[in-house]
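These notes are about the structure you will find just below.
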Protein chains: 2
Amino acid sequence: MPIRLVLADDHPIVLHGLQRLFERYPDLSVVAACADGASTIEAVRTLRPDILVLDLRMTGQSGLDVLRVLSRERLPGRAILLTAAVRDDEVVEAMQLGAMGIVLKDAAPDTLIDCIRRVHNGEQWIEREIVTRAFKTVLDRESASMEAEATLTPREIEIVRMVAKGLRNKAIAEQLAISEGTVKVHLHNIYQKFSVDGRLELVLCAQDRGLV
Amino acid sequence: MPIRLVLADDHPIVLHGLQRLFERYPDLSVVAACADGASTIEAVRTLRPDILVLDLRMTGQSGLDVLRVLSRERLPGRAILLTAAVRDDEVVEAMQLGAMGIVLKDAAPDTLIDCIRRVHNGEQWIEREIVTRAFKTVLDRESASMEAEATLTPREIEIVRMVAKGLRNKAIAEQLAISEGTVKVHLHNIYQKFSVDGRLELVLCAQDRGLV
DNA sequence: CCGAATCTATATCCGCCGGTGTAGACGCGT
DNA sequence: ACGCGTCTACACCGGCGGATATAGATTCGG
C-alpha cells in the first residue's frame, strides 16, 4: 500500500506541481491538497495521512501554527516541512513540535521524495546545513555573550555567581568572610551597573549574559 | 599546495592505515602522526597544520582534552574528530570547542577524505545521524523533564512563570487582578510543594524542571 | 606622589517577602 | 449532601533585602 500524503501550501502553483510530481511515484498517494492552515488541520484529522508535507510560510496560519495545533492531538502521522528559507529558531521550534523532516524548496525533487520515504520509514531527515546551523545557534544561545560582563570587578562577579546559586546575603557574607553589609553594598553597585532591580532580575540578567 | 594534516590516534594500526590512505591523494600531505595527546599538541603548535585529524578516545589525554588545550591558543587550523562511537554530550562539547568535523570510523574512507576537503574549505561536516541525535539531546535538555511539575495547579504554574520573569508580588497581583495577599498564599503553597525557600530558589528550581 | 578604583565596614530606614491563621466561594466526584 | 481541592481574601509580624551616607585601607597607574 502506498504512502498516504497530505500536502499544504498556499501557492496553488507549488501545490499542483507537487501533486504532479507525486503522481509519477506509485508508492506515493496524495489524499489531500490544502491551501491554508485550517483546511490542513481538518484534512489531517479526518484523513489520518502517513505524512504531512507542510509549507512553513503560509499566509494566515503559518506552518508552525498548524504543527502546534496538531502536535497537541497525538496524531499518528509525521510531518515534513517544505520551505524556501528557514530561520534557526523556526528549525528549533519545528523539531520541538515533532517535525521529522525539513526540505528546502530549491532542493532537487528527488530530495523531497527521498525525504518522504525516509521519514515514513521512521528516520529523521533534515538538510545538513540547516541542522548544523541551527545546532550552532542553540549552542551559541547556551554559551552566549560571554563578554559584556564588562565593568564588573572580580569580587562582584564572585558575588553574582553566589547569588545565582540562590544564596542569601548572610550566607554569602559568611562564605566570603566579610560582613553582610558589605555584601549589600556590592550588590547595590552591581544593580546599578546592570540597571536591574533586585537579585532575581540580576540572576535572570546574568543568565542572559551567560555568566552562570 | 596540498592540505597539511596532523594525525592523532593511539592505535598504531589505525595511524598507519590513515597515512597509507592519505598517500594516495596528492592534495593531502601528512606532516605528523601522533600516538598520544601531548605529542599531538606539540605537533600542532610547531607545525601549524591546516587540519588536525584527531581520535576522540585516546588513552591518557582524550581527544577532547587535546581540543580543550588547543582551543585556548587561537590556532589557525581546524579539527576533525575521528571516532568509533560518540556520546551526544561529547558531540556538544566538541562543537563548543570548535571542532569542524566528526567522522565515524566505520564510515567509508571516501567519507573522511570528503570531510577533510570540505572542512579545509571552511564548511562544517558532521555525520547527519550524529548531529541530529545530539541536536535532539540538546533540545531535550532544554525542555527536559516537563513532567514533575507534578501537583502544581494551573494558577500556580501561571504564577511561577510570572515570578520567573522577575515580577514582584504586587505586579503579579495587578496583572492577575487579584490581591497581593493571594499571590503570597499561592507562592507559599508552591514553596512547600517544591520545598524551596524563597522566590529565587523557586525560579532556579523551576528552570531545572524546564517550566520556564 | 597623588588620585582613582576597589574592597571593606558601619548604621539607619523602609518596603517587600514570607510564615501563619482564618475563612468564604466555587466546582467536582462520591 | 458532603467532602475535597482550588482560588480567593485579609491581617499581623518578623526578617531579609535594598537604598543611602560615610569612611578607612589597599592597590595601581600616571
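In this text, all values refer to a predicted model and were calculated from it rather than measured experimentally. In what follows, chains are A, B, ... by sequence order, proteins preceding strands, each numbered from 1.
When rounded to the nearest whole Å, the span between CG of A:N189 and P of C:dT8 equals 12 Å. Between A:L202 atom CG and D:dA19 atom P there is a gap of 11 Å when expressed in whole angstrom units. The CZ-P distance, from A:R168 to D:dG17, rounds to 6 Å in whole Å. Look at CZ on A:R199: it is 12 Å from C1' on C:dC17, rounded to the nearest Å. A:I172 places its CD1 atom 16 Å from the C1' atom of C:dT8, with the value rounded to the nearest Å. One interatomic measurement links the two molecules: NE2 of A:H186 to P of D:dG18, which rounds to 15 Å at whole-angstrom precision. Separating the CD1 atom of B:I190 from the C1' atom of C:dG19 is a distance of 15 Å, rounded to the nearest angstrom. Look at CD on B:E156: it is 10 Å from C1' on D:dC7, rounded to the nearest Å.
Under the 4.0 Å criterion applied to side-chain N and carboxylate O atoms, A:E158 and A:R161 are not assigned as salt-bridge partners. Contact check on B:E156 versus B:K193 returns a salt bridge, with a Lys/Arg side-chain nitrogen under 4.0 Å from an Asp/Glu carboxylate oxygen. In this structure, A:D9 does not pair ionically with A:R57, as no charged nitrogen and carboxylate oxygen lie closer than 4.0 Å.
Each of D:dG18, C:dT8, D:dC7 was ranked by its minimum atom distance to the side chain of A:T182; first place goes to C:dT8. For A:Y191, the side-chain atoms get nearest to D:dG18 when compared with the rest of D:dA9, D:dC7, D:dG18. Distances from the side chain of B:T153 to the nucleotides D:dA19, D:dG18, D:dC7 place D:dC7 closest. For B:E180, the side-chain atoms get nearest to C:dC17 when compared with the rest of D:dA19, D:dT8, C:dC17. For A:P154, the listed nucleotide lying nearest its side chain is C:dC7; candidates were D:dT8, D:dG17, C:dC7.
Residue B:H188 has a polar side-chain atom (N or O) positioned under 4.0 Å from OP1 or OP2 of C:dG19. Put simply, A:N169 has a side-chain N or O that comes within less than 4.0 Å of OP1 or OP2 on D:dG17.
Put simply, CG on A:L5 and CG on A:L47 are 11.5 Å apart, with the number rounded to the nearest 0.5 Å.
Within 4.0 Å of B:S179, counting heavy atoms only, lie sugar-phosphate atoms of the nucleic acid but no base atom.
For the pair B:K184 and B:L176, nearest-nucleotide mapping onto DNA chain D gives the more 5' position to B:L176.
None of B:K184, B:E180, B:R199 except one satisfies the side-chain hydrogen bond (donor to acceptor under 3.5 Å, both in side chains) rule with B:N169; the exception is B:R199.
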